[in-house]
Peer 1: 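My questions all concern the structure below.
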Amino acid sequence: MSEQSIKVQLPDGSVREVARGTTPFDIAMSISPRLAAAVVVARVRPLAVPAPAGETAADEAAEAQTEAGMYSSAGETGERLVDLSAPLTEDVALELLKENDEAALKVVRHSAAHVMATAILELFPETKLGHGPATDAGFFYDVYRETPFSETDLAAIEAKMAEVVARDEKFVREHEPREKGLEEYRQHGDFMKVHFIERFTKPGEEISLYKNGNFTDFCRGPHVPSTGRVKAFKVTSVAGAYWLGDEKNQQLQRVYGTAFFNAKDLEQHFKRLEEIKARDHRVLGKQLDLFSIQEVAGAGLIFWHPKGGLIRKTMEDWMRDECIRRGYEMVFTPHIMRRELWKISGHEGFYSQNMYPPMELDDAEYRLKPMNCPGHILIYKNSPKSYRDLPQRYAELGNVYRYERSGTMHGLLRVRGFTQDDAHIFCTPEQIESEIAACVEFADEVLKAFGFAEFKVELSTWDPKDQKSYVGSAEHWETAVGSLKKVLDAKGIPYREIPGEAAFYGPKIDIKLVDVLGRLWQLSTVQFDFNLPQRFELEYTGEDGEKHRPVMVHRALFGSVERFFGVLIEHYAGAFPLWLAPVQVGIVPISEKHVEYAAAVKAKLEAAGLRVELDSRNEKMNAKIREFTMQKVPFVLVMGDKEAASEAVSVRTRGKGDEGSVPLTAFVERAKALVASRGTTL
RNA sequence: GCCGAUGUAGCUCAGCUGGUAGAGCAACUGAUUCGUAAUCAGUAGGUCAGCGGUUCAAAUCCGCUCAUCGGCUCCA
């Protein structure tokens, strides 16, 4: 092999020897011009580096960096995306990414962000650019401009983008000395670009710039070959965003857009958004009359209507039974407690911002509880405990109130008053791992029982650099994190460790569930606490007759009953499984003369423990069926002369339609069995 | 909390550049008595989110407050 040639390995394993400086585009062309036209970007991996052993942290690091605004970076394998026009200078494994590849889509979106920036600067030259990364749903560009962009401005930007795309300007990568770039950006008052160059490059380095037409942007790339390759896009919205994510900083305008390989995918995307909207628990909550939030009462406070209340009762009954079955004891603790208590617990110091201000009662100050733990601790402390009593597992469906800033509330998912299915386990250090393991198993069962099959686990640990936000010694934190890890490892549960996300009193295992649309929701949490036992000087008498300090596990599995319910609504799109459905059976008498028989059927179904609604209004049968259907009632029973004569019902099953007449007793058995099995399909 | 948008009947929404509020569905009344997603007719229903201002006149223009929505930040 000569100095002038390099080896390029293609995905099929074949190796080509080409001249040094050959571009991925050249190689695509040499394979087929059709391929060259379809390729978006190239992925290369130096052959000098051994192949990766599967998915690694490098992917996530690269991901995080892309999110942070800079572009695809080399992981530890050296694998990276490059422009099709980038000359290859070493032996590489080369992959040509076409329009069916996730990574290629991100590149298209990133290029779309440049196209948008081009358009914005042409229309509003005074605008200063921040960063413009691709996201999971599209892209955005953070920009600074005195006047906010209006709807009309967004439309104009989108129209201008179409022009930029039509011009089909080549994306050209250029390099220039860092100092030169800095100087130019400084002169233009581009404070954000100056910041990025200073942060992402080192003195003496060259910086990379991407140009298309008259537009230049400091950017790592890669990009699609030309603006014409951004074929399907839309500017969607604009919102405020803080410079560098810090609310003390300048507020920027974040212009959002999305882009796809083709118009069909774009259309599909908006269809999906509509689908999500139709599942929105706030919309369904209204349509199905499940809950409300009322302006006179205040933001973030939930009113559970009868039907929502019934579902809640079903959820809670299930939870209580399961807790008791697993050796928990149900307790109840007050909603307001004296301020002193919150001082002892550390909430005054570490959680005050989330608590409502104290209220004066007689000569004392009281505060509304944001957590249930201190209450449970007082119960523990109320009588001496022996090692024989441990573990003590106290469970409560406790109502807590937390102050949330006004712009943060969101239906049932982010509220100011909510109910935690909270429990605190007091145990010996030897018991801690089995208790945590049992909690993780319990959480798994809860999610499965409610129809969630998939979830992701995160281990939130402290940030040793930010010790003022946490209580306890480094040693404590290490042992606590160690035991959580040990449990997860022993169970073979994959998890992601996230430093800086722990509660102030200890590390935690968070379980995020994935709903039918693939969205992630934070619900269950299992937390280790070595702090509160110490603060409250909890003790138990050991086998040795000496006093020992118990350790404590906090755990909430629904997390918040409100949030869990919200997620449940969206997961099922309001079509709850039979055991949860507030109305399980709707009865439709065909005409008024069948109401008597219908009432008798209703009585029998209710006697069998089913929740039934009889529509005896003077309405047409079809109208009644329609209403039950729209209310997503699992079973609608239609009955006329035929049914009345033979003690039968005509069954209409949600999602299936008319299933014909069956004997009433047969239907009762079917429904009862389905409720008992908590089946999710009818 | 911050940026932007929005707030009209129970619900979904219309109401142009200021001239004093409208539809469909729901509700109620009556007729109809019906075989698997809307029978017909009539009646009633609104402090136009709240407060203040400009004006001869405000749902409409301005200010403040509250709430909601999309984000940011923060979080169960």
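Order of the sequence lines fixes the chain letters, A, B, ..., with proteins taken first and strands second; residue numbering starts at 1 for each chain.
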Peer 1: Paired stems touching RNA chain B, three or more consecutive Watson-Crick or G-U pairs with both distances under 3.5 Å?
Peer 2: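 As far as RNA chain B goes, consecutive pairing (with distances under 3.5 Å) yields the stems B:1-7 with B:66-72, B:10-13 with B:22-25, B:27-31 with B:39-43, B:49-53 with B:61-65.
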Peer 1: Mind checking what makes salt bridge (Lys or Arg N to Asp or Glu O under 4.0 Å) contact with A:E592, not counting sequence neighbours?
Peer 2: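 With neighbours one apart ignored, the set is empty.
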Peer 1: Please tabulate, one pair per line, each protein N/O and nucleotide N/O from nucleotides 25-28 of chain B that are separated by under 3.5 Å, including the distance.
Peer 2:
residue: B:rA27; atom: OP1; partner: A:R617; partner atom: NH1; Å: 3.4

Peer 1: Please, which pairs that meet ring pair (Phe, Tyr, Trp, His ring centres under 6.0 Å) have at least one residue in residues 614-645 of chain A, sequence neighbours excluded?
Peer 2: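 Sorted result for residues 614-645 of chain A: A:F635-A:F667.
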Peer 1: Check every atom of B:rU39, B:rG35, B:rU68 against the side chain of A:I293 and return the nucleotide holding the closest atom.
Peer 2: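 Selected nucleotide: B:rU68.
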Peer 1: Identify all pairs in which a protein N or O lies below 3.5 Å from an N or O of nucleotides 41-48 of chain B, and state each distance.
Peer 2:
none

Peer 1: Return each pair, listed once, that meets side-chain hydrogen bond (donor to acceptor under 3.5 Å, both in side chains) where at least one residue sits in residues 287-300 of chain A; pairs must be two or more places apart or across chains.
Peer 2: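 Checked against side-chain hydrogen bond (donor to acceptor under 3.5 Å, both in side chains) - neighbours excluded - the pairs reaching residues 287-300 of chain A are A:S292-A:Q294, A:S292-A:H305.
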Peer 1: Among residues at least two apart in sequence or on other chains, which ones pass salt bridge (Lys or Arg N to Asp or Glu O under 4.0 Å) with A:E158?
Peer 2: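 Partners of A:E158 under the salt bridge (Lys or Arg N to Asp or Glu O under 4.0 Å) test: A:K234.
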Peer 1: Near RNA chain B, under 4.0 Å by heavy atom, which residues of residues 591-598 of chain A?
Peer 2: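 A:S591, A:E592, A:K593, in order of number.
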Peer 1: Counting primed atoms plus P, OP1 and OP2 as sugar-phosphate and everything else as base, spell out the protein contacts along nucleotides 3-17 of chain B at 4.0 Å heavy-atom distance: B, S or - for each nucleotide, 5' to 3'.
Peer 2: BS--B---SS-----
Peer 1: Using a cut-off of strictly less than 4.0 Å between a heavy atom of the residue and any atom of RNA chain B, enumerate the qualifying residues of residues 554-565 of chain A by number.
Peer 2: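 Hits under 4.0 Å, by residue number: A:S560, A:R563.
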Peer 1: With sequence neighbours left out, which residue pairs that include part of residues 625-641 of chain A fulfil the side-chain hydrogen bond (donor to acceptor under 3.5 Å, both in side chains) condition?
Peer 2: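 Matches after skipping sequence neighbours: A:H594-A:D641, A:R617-A:E627.
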Peer 1: Name each donor-acceptor pair under 3.5 Å that joins a side chain in residues 560-576 of chain A to protein atoms two or more places apart or in another chain, with its distance.
Peer 2:
residue: A:S560; atom: OG; partner: A:E562; partner atom: N; Å: 3.2
residue: A:S560; atom: OG; partner: A:R563; partner atom: N; Å: 2.9
residue: A:E562; atom: OE1; partner: A:T419; partner atom: N; Å: 2.8
residue: A:E562; atom: OE2; partner: A:T419; partner atom: OG1; Å: 3.4
residue: A:R563; atom: NE; partner: A:L413; partner atom: O; Å: 2.9
residue: A:R563; atom: NH1; partner: A:Q522; partner atom: O; Å: 3.2
residue: A:R563; atom: NH2; partner: A:L413; partner atom: O; Å: 2.8
residue: A:E570; atom: OE1; partner: A:R519; partner atom: NH1; Å: 3.3
residue: A:E570; atom: OE1; partner: A:R519; partner atom: NH2; Å: 3.1
residue: A:E570; atom: OE2; partner: A:H281; partner atom: N; Å: 2.8
residue: A:E570; atom: OE2; partner: A:H281; partner atom: ND1; Å: 2.7
residue: A:H571; atom: ND1; partner: A:V516; partner atom: N; Å: 3.2
residue: A:H571; atom: NE2; partner: A:G451; partner atom: O; Å: 3.0
residue: A:Y572; atom: OH; partner: A:F450; partner atom: O; Å: 2.8

